[in-house]
Number of protein chains: 2
Amino acid sequence: MKDLQDLTSDQQRKLDRARQRVIESIGKNMDLYGITLSIGHLYGHMYFQNKPITLDDMSETMGMSKTSMSTGMRTLMDLKMINKVWGKGTRKDLYEVVPDWYQNFSDYFSIKWRKAVEGNMQALAKSLEEIHSLKGEAEGDPDFLQLLDVDEAKITEALHYYKWLLRLIETLETGKIFEFIPKE
Amino acid sequence: MKDLQDLTSDQQRKLDRARQRVIESIGKNMDLYGITLSIGHLYGHMYFQNKPITLDDMSETMGMSKTSMSTGMRTLMDLKMINKVWGKGTRKDLYEVVPDWYQNFSDYFSIKWRKAVEGNMQALAKSLEEIHSLKGEAEGDPDFLQLLDVDEAKITEALHYYKWLLRLIETLETGKIFEFIPKE
DNA sequence: AAGTGTGTAAAGAAAAAACTGTACAAAGAA
DNA sequence: TTCTTTGTACAGTTTTTTCTTTACACACTT
């Protein structure tokens, strides 16, 4: 297939502008995924590459160092937004986007949110236990007891929320979410 | 009600440690909301305050400048994670957490994701139109036409995803999500 | 009206992050 | 084996962000 660089016409410039707007827009909003503007930009460019691409290619199109491309690609791989693919004939690593954005969205929660939620739950559970044991010791001190009750209630409530959030994440992971909110 | 500062016992220290762990954990993971560690920390402290609190109070407990508290509070207010409340008798502004984390979660998508999605959709729609008009001009150039088709397909697919995402955000906003994933 | 207290804008300092160039280890080619 | 090529670790630089200090506008009190 013809590639964009091969065209030198006015049409090329027009298509390029159209792409550029999308790339810019996507890149700008990728901070929601905790991604820096330039890595978002990198992703945007990758998105319109119609074949696997090398670090050197991207280094050139982005006008950035190869090292930055390397770290950027790794960040995107961690989020499963791009894949490393094998190409025969070349010794270079080849990358391409994972074009399923529904999957990207799910993965983001699997990777980032799940970890955060589980970490928080562990902290909450531990502190909740400590509060329970404090309640045991503080039988004779009604003021302190009341304070403990408030904290206990807060933590319990938070744990409920996190459990709910885990269930939500699960429906994303399993794809059951699409039963409730169909793709179309 | 008794407040934590009033206790000087060993029990206070224990409760404080239990709280501290939760605060730390919550704060650390608030980067998912695009929030800095110290603002997350601020939120964490607010979470265990059992009454509305002033900038000066927080400045002291956090060991940070009042200006930082001011900007931090505004950031948290933008995310609707805290509220400014009116207290009679004092001229200071009073803040307290919005304790509904389900709501916080929904608001986050309403505020941040919705904006991003709508912005991206607009960019995509505009570029899609340009591609359509390019297709009209490029009748005689099958190679270029093929290229345009690929881009068109990508953008169309992306728009589908964004529409889905908007529907998801809506179910969060309206609370319909809880029909599918009950709070408990 | 003047006086006092409060939040925040602005500017500067400190800290953190992003980015680059160099150097090198690993792996393929000769 | 030795010679290349390629990705990345590391150190250093630049840029960005965070935080503080100072200054001041606004509002409330007297």
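Residue numbering restarts at 1 for every chain, and letters A, B, ... go by the order of the sequence lines. Below, each value reflects all heavy atoms present in this structure, side chains not excepted, and no hydrogens, waters or symmetry copies.
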Check your understanding: What pairs of residues pass the salt bridge (Lys or Arg N to Asp or Glu O under 4.0 Å) test when at least one of them lies in residues 118-131 of chain A, not counting sequence neighbours?
Key -> A:R114-A:E118, A:E130-B:R21
Exercise for review: Drop me the distance from B:Q103's CD to B:S110's OG, to the nearest 0.5 angstrom.
Suggested key: 8.5 Å
Check your understanding: Using a cut-off of 4.0 Å between protein heavy atoms and nucleotide atoms, how would you tag nucleotides 18-27 of chain C 5' to 3' with B, S and -?
Key -> SSBBB----B
**Study point:** Atom-pair distance (CG on B:D31; C1' on C:dA17), nearest Å
**Key:** 14 Å
Review point. Would you call the rings of B:F178 and A:W164 parallel, tilted or perpendicular if under 30° counts as parallel and over 60° as perpendicular?
Key: tilted
**Study point:** B:K92 NZ to C:dT8 P, straight-line distance once rounded to whole Å
**Key:** 13 Å
Exercise for review: State, without any angle test, whether A:S68 and A:S65 hold a side-chain donor-acceptor pair at a distance under 3.5 Å.
Suggested key: yes
Revision key, fill the gap. Note: B:A116 and A:L32 closest approach over all heavy atoms is CB-CD1, 3.5 Å
Exercise for review: Nearest whole angstrom, please: distance from the P of C:dT6 to the CZ of B:R74.
Suggested key: 19 Å
Exercise for review: Starting from P on C:dT8, measure out to CG on B:L55 and report it in whole angstrom.
Suggested key: 7 Å
**Study point:** Length of the CG-P vector between B:L94 and C:dT6, whole Å
**Key:** 11 Å
Check your understanding: With B:F109, which residues qualify under ring pair (Phe, Tyr, Trp, His ring centres under 6.0 Å), at least two apart?
Key -> B:F105, B:W113
Check your understanding: For the pair made of CE in B:M62 and C1' in D:dT18, what is the distance, rounded to whole Å?
Key -> 12 Å
Exercise for review: Quantify the bending of the helix from C:dA1-D:dT30 to C:dA30-D:dT1 as the angle between its end axes, each fitted on five pairs, to 10°.
Suggested key: 20°
Exercise for review: Could you tell me the separation between the CE atom of A:M77 and the C1' atom of D:dG7, rounded to a whole number of Å?
Suggested key: 11 Å
Practice item. Please list, chain by chain and in numerical order, all residues satisfying salt bridge (Lys or Arg N to Asp or Glu O under 4.0 Å) with B:D149, sequence neighbours excluded. Key: B:K135
Check your understanding: Do we see a donor-acceptor contact under 3.5 Å between the side chains of A:T54 and A:D57?
Key -> yes
Exercise for review: Check the distance between D:dT6's C1' and A:D57's CG and give it to me in whole angstrom.
Suggested key: 13 Å
Check your understanding: Who pairs with A:Y162 by ring pair (Phe, Tyr, Trp, His ring centres under 6.0 Å), at least two apart in sequence or on another chain?
Key -> B:W101
